[in-house]
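These notes are about the structure you will find just below.
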Number of protein chains: 2
Amino acid sequence: MSPVQSPALPPATSLPPVSDLTAHLGFWLRLVSNHVSHAFAAKLAATEVTVAEWSLMRALYDKAPMPPSRIADDMGLTRGAITKLADRLIAKALIVRAASPDDGRAQTLALTERGTALVPALAALADRNDAEFFDALTPDERASLLRLLKGLAERGQMTATPIE
Amino acid sequence: MSPVQSPALPPATSLPPVSDLTAHLGFWLRLVSNHVSHAFAAKLAATEVTVAEWSLMRALYDKAPMPPSRIADDMGLTRGAITKLADRLIAKALIVRAASPDDGRAQTLALTERGTALVPALAALADRNDAEFFDALTPDERASLLRLLKGLAERGQMTATPIE
DNA sequence: CGGAGATAGTTTCCTAGTCAATCAAAGAGG
DNA sequence: CCTCTTTGATTGACTAGGAAACTATCTCCG
């Protein structure tokens with residue numbers, strides 16, 4: 001702009017204008033997403049598992065034993081993270097780790113009986129959490145939001161399960 | 001259910017059905033949000049600041065020096081987190097910490113000249129990131145998504161800035 | 001005034017990830 | 001077959017943030 005300097009109000013008034021954060025869709029997306037996740041974490045706090053632990057348990061439910069690498073891909077975490085996450089769940093006797101029969105390097109993870117039995121109650125919490133936020137929308141609005149989000153996910157090649 | 005047991009296919013086939021993760025709007029919200037954030041983090045990796053650091057710098061830009069507590073509220077982080085975040089930015093000479101003139105307990109944070117000069121370039125990265133994901137939508141779709149998200153945010157009393 | 005409680009910020013300890021190094025088992029090629 | 005490379009998992013060093021304890025200061029009120 002012009003070299004004319006305005007007469008120094010507290011923060012020098014002639015800063016280059018910068019777009020407002022709230023102008024970004026990403027801002028609102030993250031705001032809402034964070035709140036939904038946080039509310040779910042609060043519900044899980046009453047249980048013996050964390051959000052990431054629930055996510056891993058859900059991934060194993062009603063499926064054959066799976067290698068950690070597969071789960072890492074599904075959950076969008078590194079293998080190292082899965083190793084430690086699995087360690088915690090094993091310590092709680094909710095899952096078991098076993099050597100793969102066909103590949104000497106590989107391991108498999110599977111829910112224990114206790115872990116399996118716990119999943120439905122946790123899933124109910126997840127259902128309730130989702131309802132708590134999105135039942136406020138009309139069915140049309142829900143459908144519209146779902147369509148938009150799925151479209152973005154598809155276009156952006158977003159595959160991994162976010163840690164829910 | 002009935003005591004009849006199905007004849008043991010790999011994972012016993014008679015588990016209580018549990019709602020699919022992808023049935024939840026929260027799932028898709030988080031999936032997209034995580035991807036957008038991650039893409040932005042990748043862009044910032046080429047700079048000298050992290051996402052949280054950018055967020056703090058943006059909060060200070062074009063405003064009078066602010067107390068850390070205010071920033072903690074704005075960013076949705078604890079005060080302890082802001083102390084450490086500020087320490088890192090001070091080490092990079094991007095912000096300064098000063099004692100508040102009127103309250104002996106309080107501190108204020110403000111951008112340095114260098115920090116101020118850096119903000120517009122970072123803001124441009126943020127703009128570009130948002131555009132990258134959401135320009136794929138039509139103007140109508142963008143407006144619709146924005147309206148839905150703002151409505152959810154308002155209804156859920158979501159105030160704090162998510163760490164962008 | 002002076003002490004009780006509230007408030008601002010920092011610090012400490014803990015949790016949960018990433019990244020890079022490591023090790024063992026598989027697979028490929030001469 | 002023997003080496004080279006790749007792959008699966010684990011480990012260790014490091015980072016970022018939360019919760020709660022702690023310190024200093026302020027405010028209120030008897």
Side-chain angles (χ1 to χ4, degrees), chain A residues 30 34-35 37-42 44-45 47-57 65-92 95-110 160-164, chain B residues 30 34 37-38 40-42 44-45 48-57 59 65-92 95-110 160-164:
Chain A
R30 186 156 28 261
N34 284 356
H35 272 261
S37 294
H38 189 269
F40 184 49
L44 281 186
T47 73
E48 60 181 311
V49 304
T50 66
V51 176
E53 287 164 7
W54 149 251
S55 186
L56 172 43
M57 291 176 67
M66 282 214 287
S69 50
R70 175 82 198 295
I71 298 183
D73 293 345
D74 286 357
M75 289 180 61
L77 294 182
T78 63
R79 294 178 181 190
I82 300 299
T83 296
K84 295 165 195 172
L85 189 48
D87 286 345
R88 299 198 290 275
L89 281 166
I90 290 166
K92 294 179 190 172
I95 70 171
V96 286
R97 178 152 39 202
S100 161
D102 24 275
D103 187 331
R105 298 163 297 181
Q107 301 283 88
T108 67
L109 300 176
T161 298
I163 326 170
E164 183 176 15
Chain B
R30 187 157 29 261
N34 284 356
S37 294
H38 189 268
F40 183 48
L44 281 186
E48 59 181 312
V49 304
T50 67
V51 176
E53 287 164 6
W54 148 251
S55 186
L56 173 43
M57 291 177 68
M66 282 213 286
S69 50
R70 175 84 198 295
I71 298 183
D73 292 346
D74 286 358
M75 288 180 62
L77 294 182
T78 63
R79 295 177 181 191
I82 300 299
T83 296
K84 297 166 203 170
L85 191 47
D87 286 346
R88 299 198 290 274
L89 282 166
I90 290 166
K92 294 177 190 171
I95 69 172
V96 286
R97 178 150 42 200
S100 160
D102 24 276
D103 186 333
R105 298 164 299 181
Q107 303 283 353
T108 68
L109 300 177
T161 298
I163 326 168
E164 183 176 15

Next item on the list: Please list, chain by chain and in numerical order, all residues satisfying side-chain contact (heavy atoms from CB on, under 4.5 Å) with B:A98, sequence neighbours excluded.
Entry: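 Checked B:A98 against side-chain contact (heavy atoms from CB on, under 4.5 Å); matches are B:T108.
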Next item on the list: Under the side-chain contact (heavy atoms from CB on, under 4.5 Å) rule, collect the residues that match up with A:T47, sequence neighbours excluded.
Entry: A:L44, A:V49, A:L122, A:L125
Check: Taking only residues two or more places apart in sequence or in another chain, which ones pass side-chain hydrogen bond (donor to acceptor under 3.5 Å, both in side chains) with B:R105?
Finding: B:D103
Shortest non-hydrogen contact from [X] toward [Y]:
X	Y	result
B:M75	B:A52	CE-O, 3.7 Å
A:D74	A:M66	OD2-CE, 4.3 Å
B:L85	B:E53	CD1-CG, 3.6 Å

Notebook entry, point to check: How large an angle, rounded to 10°, do the end axes of the helix from C:dC1-D:dG30 to C:dG30-D:dC1 enclose when each is built from five base pairs?
Noted result: 0°
Calculate the interatomic distance between [X] atom [atom1] and [N] atom [atom2]; express it in whole Å.
X	N	atom1	atom2	result
A:L56	D:dA9	CG	P	13 Å
B:L77	C:dG9	CG	C1'	15 Å
A:M66	D:dA9	CE	P	12 Å
A:Q107	C:dA26	CD	P	12 Å
B:M75	D:dA16	CE	C1'	12 Å
A:L44	C:dA16	CG	P	13 Å
B:D103	C:dG9	CG	P	8 Å
A:L109	D:dG8	CG	P	14 Å

Item checked: Per A:R97 side chain, nearest of listed nucleotides D:dC26, D:dT10, C:dT10 -> D:dT10
Margin query: Can you tell me which nucleotide in C:dA8, D:dA9, D:dA16 comes closest to the side chain of B:T50?
Written below: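 Of the candidates, D:dA16 comes closest.
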Checklist line | Euclidean distance, A:L56 CG relative to A:L109 CG, rounded to 0.5 Å | finding: 6.5 Å
Margin query: Quick check for you: to the nearest 0.5 Å, what is the distance between A:R79 atom CZ and A:I71 atom CD1?
Written below: 11.5 Å
Notebook entry, point to check: Any ion pair linking B:E48 and B:K92 (charged N to carboxylate O, less than 4.0 Å)?
Noted result: no
Note to self: Are A:R97 and A:T83 packed together at the side-chain level, in the sense that at least one heavy-atom pair is separated by less than 4.5 angstrom?
What the structure shows: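 Yes - at least one pair of side-chain heavy atoms lies under 4.5 Å apart.
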Checklist line | Pairwise 5' ranking along DNA chain D for A:H38 and A:S69, keeping only the more 5' one | finding: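 Upstream on the strand: A:S69.
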I'd like a list of close polar pairs between nucleotides 4-7 of chain D and the protein, N/O only, cut-off under 3.5 Å.
| residue | atom | partner | partner atom | Å |
| --- | --- | --- | --- | --- |
| D:dT7 | O2 | A:R105 | NH1 | 2.9 |

Notebook entry, point to check: What parts of residues 80-91 of chain B reach DNA chain D, counting only heavy atoms under 4.0 Å away?
Noted result: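 Nucleic-acid contacts, sorted: B:A81, B:K84, B:R88.
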Next item on the list: Flag yes if more than 12 heavy atoms outside B:R88 fall under 6.0 Å of its CZ atom; otherwise flag no.
Entry: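 Enclosed: over 12 neighbouring heavy atoms sit under 6.0 Å from CZ of B:R88.
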